[in-house]
*Asks:* 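Got a structure for you, questions after.
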Amino acid sequence: MINFNYRPESYFNGTGPNTLLCKLSYPESQWGEEISIYANALDGVYYYEAVDFYGNEIKLNPEKSDQPLTLQELIFMIETMDVTPSTAQGNIQLTLAGIPLAESLLYQELERYFSEKRKTFGMI
């Protein structure tokens, strides 16, 4: 059973002001797109940023929080990522419509959640 209420105590181990929350791979996309989601700390607030190869402005919900996200909140963030169509590069809208393969050192069950979802939709 996946613990959707899991929340890491901290995103940081003292090595810097930002950290990689997860890496998402979209194997069905034409170029095998990848998106990385980072947390940046500033004045006690976590700000979230998604980065892809093309430099798209990917909108995240939430954009910031006062504490680390629960697994459920991170999944919601991933599944609701969006871009402005007029500025989108590299078919990012089509990529975001897919179900990613996920990797995360902080959220161990994230990979399992998306693997199970991909199996449900016939993607292996």
Side-chain angles (χ1 to χ4, degrees):
M1 186 87 187
I2 294 175
N3 179 5
F4 291 101
N5 293 318
Y6 170 76
R7 179 189 318 267
E9 289 183 31
S10 175
Y11 287 145
F12 307 102
N13 60 9
T15 59
N18 63 17
T19 193
L20 176 65
L21 296 185
C22 63
K23 183 171 122 180
L24 309 171
S25 302
Y26 295 83
E28 288 77 30
S29 73
Q30 182 177 1
W31 305 105
E33 306 291 342
E34 290 187 356
I35 297 173
S36 298
I37 299 178
Y38 293 90
N40 301 290
L42 182 64
D43 297 329
V45 177
Y46 299 113
Y47 292 88
Y48 302 105
E49 173 185 25
V51 177
D52 74 340
F53 176 78
Y54 298 101
N56 283 299
E57 292 288 327
I58 300 171
K59 299 176 208 165
L60 300 177
N61 184 17
E63 295 176 353
K64 62 182 179 176
S65 66
D66 294 331
Q67 59 183 345
L69 300 175
T70 63
L71 176 61
Q72 181 175 338
E73 291 167 329
L74 179 61
I75 290 169
F76 177 80
M77 175 189 282
I78 292 167
E79 292 184 338
T80 61
M81 290 187 297
D82 197 13
V83 293
T84 304
S86 62
T87 62
Q89 301 289 317
N91 287 330
I92 187 70
Q93 291 168 301
L94 188 58
T95 298
L96 294 177
I99 302 170
L101 294 171
E103 298 176 33
S104 177
L105 295 175
L106 294 166
Y107 293 91
Q108 298 294 320
E109 293 181 294
L110 185 67
E111 180 177 352
R112 183 171 146 211
Y113 171 82
F114 281 108
S115 290
E116 289 178 8
K117 186 170 183 175
R118 288 177 61 81
K119 286 178 190 171
T120 299
F121 286 93
M123 307 164 137
I124 296 180

*Asks:* Could you walk me through whether Asp66 and Val45 pass the side chain to side chain contact (heavy atoms under 4.5 Å, CB included) test, one step at a time?
*Replies:* CA-CA 5 Å; Asp66 294 331; Val45 177; 4.0 Å; yes
*Asks:* What verdict does the side chain to side chain contact (heavy atoms under 4.5 Å, CB included) test give for Asn18 and Tyr47, after you've listed the backbone C-alpha separation in whole Å, the side-chain angles of each residue and the deciding distance to 0.1 Å?
*Replies:* CA-CA 9 Å; Asn18 63 17; Tyr47 292 88; over 6 Å; no
*Asks:* Under the criterion side chain to side chain contact (heavy atoms under 4.5 Å, CB included), I'd like the reasoning laid out for Phe114 against Glu79: C-alpha separation, chi angles, the key distance, then a yes or no.
*Replies:* CA-CA 10 Å; Phe114 281 108; Glu79 292 184 338; 3.8 Å; yes
*Asks:* Can you tell me how far CG of Asp52 sits from OH of Tyr26, rounded to the nearest 0.5 angstrom?
*Replies:*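 Result: 10.0 Å between the selected atoms.
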*Asks:* Does one hydrophobic cluster hold both Leu24 and Phe121, with members joined at side-chain heavy-atom distances below 4.5 Å?
*Replies:*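 Leu24 clusters together with Phe121.
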*Asks:* Give, for atom CZ of Arg7 and atom CG of Leu71, the distance between the pair rounded to the nearest 0.5 Å.
*Replies:*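 One finds 11.0 Å between CZ of Arg7 and CG of Leu71.
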*Asks:* Got a second to check how far Glu49's CD is from Leu21's CG, nearest 0.5 Å?
*Replies:*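 Atom-to-atom, Glu49:CD and Leu21:CG are 11.0 Å apart.
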*Asks:* About how many Å separate CG of Leu105 and CG of Leu110, when rounded to the nearest 0.5 Å?
*Replies:*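 Leu110 atom CG to Leu105 atom CG measures 11.0 Å (nearest 0.5 Å).
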*Asks:* Output the distance between atom OG1 (Thr95) and atom CE (Met81), rounded to the nearest 0.5 Å.
*Replies:*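 It is 9.5 Å, given to the nearest 0.5 Å.
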*Asks:* Distance-only, no hydrogens or angles: does the Asn56 side chain make a donor-acceptor pair with backbone N or O of Gln89 under 3.5 Å?
*Replies:*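 Yes, because the side chain of Asn56 sits within donor-acceptor range (under 3.5 Å) of the backbone of Gln89.
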*Asks:* Assess the residue pair Glu57 and Val83 against the criterion (side chain to side chain contact (heavy atoms under 4.5 Å, CB included)); give the C-alpha distance rounded to whole Å, side-chain angles, the decisive distance to 0.1 Å, and a yes or no.
*Replies:* CA-CA 6 Å; Glu57 292 288 327; Val83 293; over 6 Å; no
*Asks:* What's the separation between atom CE in Met77 and atom SG in Cys22, rounded to the nearest 0.5 Å?
*Replies:*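 Between atom CE of Met77 and atom SG of Cys22 there are 8.5 Å.
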*Asks:* Report, as yes or no, whether the 6.0 Å neighbourhood of atom NZ on Lys64 holds more than 12 heavy atoms from other residues, nucleotides or ligands.
*Replies:*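 No, because the 6.0 Å sphere around NZ of Lys64 holds 12 heavy atoms or fewer from other groups.
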*Asks:* Which atoms form the tightest heavy-atom contact between Ser36 and Lys23, and what is the distance?
*Replies:*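 Smallest heavy-atom distance, with atoms named: OG-CG, 4.1 Å.
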*Asks:* Closest approach of Pro68 and Glu9, non-hydrogen atoms and distance?
*Replies:*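 Smallest interatomic distance, heavy atoms only, reads CG-O, 4.0 Å.
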*Asks:* Are the side chains of Pro62 and Leu69 in touch, meaning some heavy atoms are under 4.5 Å apart?
*Replies:*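 A side-chain contact exists here, since the closest heavy-atom pair is under 4.5 Å.
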*Asks:* Considering only heavy atoms from C-beta outward, does the side chain of Phe4 approach that of Thr70 to under 4.5 Å?
*Replies:*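 Result no, sub-4.5 Å side-chain heavy-atom pair not found.
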*Asks:* Taking all non-hydrogen atoms of both residues, which atom of Ile2 and which atom of Glu116 are closest, and how far apart?
*Replies:*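 In terms of heavy atoms, the two residues are closest at CD1-OE1, 4.1 Å.
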*Asks:* Quick one, Tyr113 and Ile75 - any side-chain contact, counting heavy atoms below 4.5 Å?
*Replies:*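 Yes, their side chains come closer than 4.5 Å.
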*Asks:* Can you confirm whether Leu96 sits close enough to Ile35 that some side-chain heavy atom of one is under 4.5 Å from a side-chain heavy atom of the other?
*Replies:*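 Yes, at least one pair of side-chain atoms sits under 4.5 Å.
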*Asks:* What's the shortest heavy-atom distance between Ile78 and Pro100, and which atoms?
*Replies:*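 The pair with the smallest heavy-atom distance is CG2-CG, 4.3 Å.
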*Asks:* Measuring only between side-chain heavy atoms, which start at C-beta, is Glu33 closer than 4.5 Å to Tyr54?
*Replies:*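 In short, these two side chains touch, coming nearer than 4.5 Å.
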*Asks:* Counting the benzene-type ring for Trp, do Tyr46 and Phe12 have ring centres under 6.0 Å apart?
*Replies:*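 Yes, close enough.
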*Asks:* Kindly check if the number of other-residue, nucleotide or ligand heavy atoms within 6.0 Å of NZ (Lys117) is above 12?
*Replies:*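 Yes, NZ of Lys117 has more than 12 neighbouring heavy atoms, counting only those of other groups under 6.0 Å.
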*Asks:* Please report the closest heavy-atom contact between Asn5 and Gln72, naming both atoms and the distance.
*Replies:*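 Looks like OD1-OE1, 4.3 Å.
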*Asks:* Going by heavy atoms in the side chains, are Leu101 and Pro27 under 4.5 Å from each other?
*Replies:*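 Yes, at least one pair of side-chain atoms sits under 4.5 Å.
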*Asks:* Restricting to side-chain hydrogen bond (donor to acceptor under 3.5 Å, both in side chains), what partner residues turn up for Glu28, sequence neighbours left out?
*Replies:*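 side-chain hydrogen bond (donor to acceptor under 3.5 Å, both in side chains) list for Glu28, sorted by chain: Arg118.
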*Asks:* With sequence neighbours excluded, tell me which residues meet side-chain hydrogen bond (donor to acceptor under 3.5 Å, both in side chains) with Tyr11.
*Replies:*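 side-chain hydrogen bond (donor to acceptor under 3.5 Å, both in side chains) check on Tyr11 returns Tyr107.
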